[in-house]
Enquirer: 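First the structure, which I've put down as structure tokens, then a few questions once you've had a look.
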Amino acid sequence: MPKAFLIDTTRCTACRGCQIACKEWHDLPAVPTKQRGSHQNPPDLNPYNLKIVRFHEHLDERGRVLWNFFPDQCRHCVKPICATMANKAVPGSMIKDEKSGAVLVTEKCREMDEVGIRTVIKSCPYNIPRYDAEKKMLVKCDMCIDRVQVGLEPMCVKTCPTGTMAFGEREEMLTLAKKRLAD
């Protein structure tokens, strides 16, 4: 039975533990950043940040700053259009692991031309896949498939101190979501 993430934004404090854990687990290098007027850093996903915590800052009617945070990464869709488009360009370049539900980029992705790459990136409704020019392939969250295959949680979920992120069987996550909404 496929797995799923549950992200409860009402619990997120923007500690970015999930963001850092992802970088560390995947041994991704640091990316030079600079202050741009927001605490969100980096400003967007990139080949070396497969997960980021998005910050949305706004003023309420009384002029107080309100913060909304969203841990952003691949959703590992039930029917991933990115994989459909990738496989039209190069068969086998993206797969959906039926046991875990993870949508994974394969080495065959390196055979994709620029048009195919742009098509895959634009097809994702969440704007997730990125092109790594150094590796010459698309990159995105892989659900920490190496951990999930041996019964462990993805690193982002393991490190979340507030319970913002939960991971498990898809039906269990849907039940948990309904419970949290009712509370």
Side-chain angles (χ1 to χ4, degrees), residues 4-77 80-82 85-86 94 102-105 109-110 112 114 117-148 152-167 173 177 180-181:
F5 288 96
L6 170 65
I7 299 175
D8 182 347
T9 58
T10 66
R11 295 179 174 208
C12 186
T13 62
C15 73
R16 292 182 268 207
C18 58
Q19 185 174 310
I20 294 164
C22 177
K23 278 185 85 69
E24 288 179 348
W25 185 257
H26 291 93
D27 197 26
L28 298 170
V31 176
T33 61
K34 63 181 181 177
Q35 179 49 260
R36 301 169 298 100
S38 171
H39 292 290
Q40 179 180 312
N41 216 346
D44 201 1
L45 296 167
N46 60 64
Y48 307 113
N49 290 87
L50 307 179
K51 177 182 192 75
I52 62 170
V53 176
R54 295 201 183 273
F55 284 52
H56 182 254
E57 308 152 29
H58 61 279
L59 298 176
D60 71 6
E61 65 281 349
R62 295 173 56 193
R64 294 178 298 186
V65 175
L66 297 179
W67 297 78
N68 297 105
F69 311 115
F70 180 69
D72 196 12
Q73 68 192 52
C74 179
R75 300 338 185 249
H76 299 281
C77 298
I81 189 68
C82 62
M85 299 311 289
M94 287 181 83
V103 178
L104 305 166
V105 178
C109 179
R110 293 177 196 271
M112 203 175 297
E114 189 176 327
I117 289 164
R118 274 187 281 159
T119 301
V120 173
I121 291 170
K122 287 181 179 183
S123 73
C124 175
Y126 305 107
N127 189 31
I128 299 298
R130 295 297 189 265
Y131 182 69
D132 184 338
E134 191 175 298
K135 292 180 181 176
K136 296 188 176 9
M137 66 186 296
L138 290 168
V139 294
K140 60 175 224 38
C141 164
D142 64 1
M143 196 189 273
C144 291
I145 190 70
D146 51 341
R147 293 179 55 82
V148 172
L152 300 172
E153 298 174 311
M155 283 305 294
C156 57
V157 176
K158 180 176 174 51
T159 60
C160 182
T162 62
T164 296
M165 299 194 69
F167 182 79
M173 292 300 100
R180 287 191 183 177
L181 285 170

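In this chain, numbering begins with 1 at the start of the sequence shown. Values below: all heavy atoms of this structure, side chains included; hydrogens, waters and symmetry mates excluded. Note that this is a predicted model, so its numbers are computed, not measured.
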Enquirer: Determine the minimum heavy-atom distance between His76 and Ala102, stating which atoms define it.
Expert: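 Closest approach of His76 to Ala102: ND1-CA, 3.6 Å.
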Enquirer: With rounding to the nearest 0.5 Å, note down the distance linking CH2 in Trp25 to CG in Asp142.
Expert: 10.5 Å
Enquirer: Does Arg110 use its side chain to pair, donor to acceptor, with the backbone of Lys135 at less than 3.5 Å?
Expert: yes
Enquirer: Taking the side chain from Asn49 and the backbone from Ile52, do they hold a donor-acceptor pair closer than 3.5 Å?
Expert: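 Judged by distance alone, no pair lies under 3.5 Å.
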Enquirer: Output all residues satisfying side chain to side chain contact (heavy atoms under 4.5 Å, CB included) with Arg118, sequence neighbours left out; order by chain, then residue number.
Expert: Glu114, Val115
Enquirer: Report the C-alpha distance between Asp72 and Ile128 in whole Å, list the side-chain angles of each, state the deciding distance to 0.1 Å, and finish with yes or no for side-chain contact (heavy atoms from CB on, under 4.5 Å).
Expert: CA-CA 9 Å; Asp72 196 12; Ile128 299 298; 3.7 Å; yes
Enquirer: Do the side chains of Gln19 and Asn41 get nearer than 4.5 Å, heavy atoms only?
Expert: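 No - every pair of side-chain heavy atoms lies 4.5 Å or more apart.
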Enquirer: Report yes if some heavy atom in the side chain of Lys158 is under 4.5 Å from a heavy atom in the side chain of Leu152; otherwise report no.
Expert: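 Lys158 vs Leu152: side chains apart.
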Enquirer: So, taking the atom named CE in Met137 and the one named OH in Tyr131, what distance separates them when rounded to the nearest 0.5 Å?
Expert: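 Rounded to the nearest 0.5 Å, the CE-OH separation comes to 9.5 Å.
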Enquirer: Listing request: all salt bridge (Lys or Arg N to Asp or Glu O under 4.0 Å) pairs with a residue in residues 6-22, at least two apart in sequence or in separate chains.
Expert: Asp8-Arg11, Asp8-Arg180
Enquirer: Take Leu59 and Val65 through the test side-chain contact (heavy atoms from CB on, under 4.5 Å) and record every step on the way to the result.
Expert: CA-CA 5 Å; Leu59 298 176; Val65 175; 3.6 Å; yes
Enquirer: Determine whether Tyr48 and Pro42 make a side-chain contact, defined as any pair of heavy atoms from C-beta on separated by less than 4.5 Å.
Expert: no
Enquirer: Checking Lys140 side chain against Val103 main chain: does a donor-acceptor pair fall under 3.5 Å?
Expert: yes
Enquirer: Does Phe167 form a side-chain contact (heavy atoms from CB on, under 4.5 Å) with Val148? I'd like the steps, not just the answer.
Expert: CA-CA 10 Å; Phe167 182 79; Val148 172; 3.8 Å; yes
Enquirer: Tell me the closest heavy-atom pair linking Asn68 and His58, and the distance in Å.
Expert: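 Minimum heavy-atom separation between Asn68 and His58: OD1-CE1, 2.8 Å.
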Enquirer: Tell me, do Cys156 and Pro71 make a side-chain contact under 4.5 Å, heavy atoms counted?
Expert: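 A side-chain contact under 4.5 Å is absent here.
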Enquirer: Looking only at non-hydrogen atoms, find the nearest pair between Cys141 and Gln73 and report the distance.
Expert: SG-NE2, 4.1 Å
Enquirer: How long is the gap from CE on Met155 to CE on Met165, to the nearest 0.5 Å?
Expert: 12.0 Å
Enquirer: Between atom CD of Glu57 and atom NE2 of His39, what is the distance when rounded to the nearest 0.5 Å?
Expert: 6.5 Å
Enquirer: Could you go step by step and tell me if Lys136 and Cys109 meet the side-chain contact (heavy atoms from CB on, under 4.5 Å) rule?
Expert: CA-CA 8 Å; Lys136 296 188 176 9; Cys109 179; over 6 Å; no
Enquirer: Could you tell me whether the side chain of Gln35 and the main chain of Ser38 form a donor-acceptor pair under 3.5 Å?
Expert: yes
Enquirer: Over all heavy atoms of both residues, which pair between Cys12 and Val53 is shortest? Give the atoms and the distance, please.
Expert: SG-CG1, 4.3 Å
Enquirer: Is the ring pair Trp67/Phe55 parallel, tilted or perpendicular, if the boundaries are 30 and 60 degrees?
Expert: perpendicular
Enquirer: Compare every heavy atom of Ile121 with every heavy atom of Pro129, then report the nearest pair and how far apart it is.
Expert: O-CG1, 3.7 Å
Enquirer: To the nearest 0.5 Å, what is the distance between CE (Met94) and CE (Met112)?
Expert: 8.0 Å
Enquirer: Is any side-chain heavy atom of Cys144 closer than 4.5 Å to one of Asp146?
Expert: yes
Enquirer: Taking Pro154's backbone N and O only, do any of them form a donor-acceptor pair with Arg147's side chain (distance below 3.5 Å, no angle check)?
Expert: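 Answer holds: no.
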Enquirer: Which heavy atom of Val105 sits nearest to which heavy atom of Leu138, and what is that distance?
Expert: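 Residues Val105 and Leu138, closest heavy atoms: CG1-O, 3.4 Å.
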Enquirer: Give, for atom OH of Tyr126 and atom SG of Cys82, the distance between the pair rounded to the nearest 0.5 Å.
Expert: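 Tyr126 OH to Cys82 SG: 11.0 Å, rounded to 0.5 Å.
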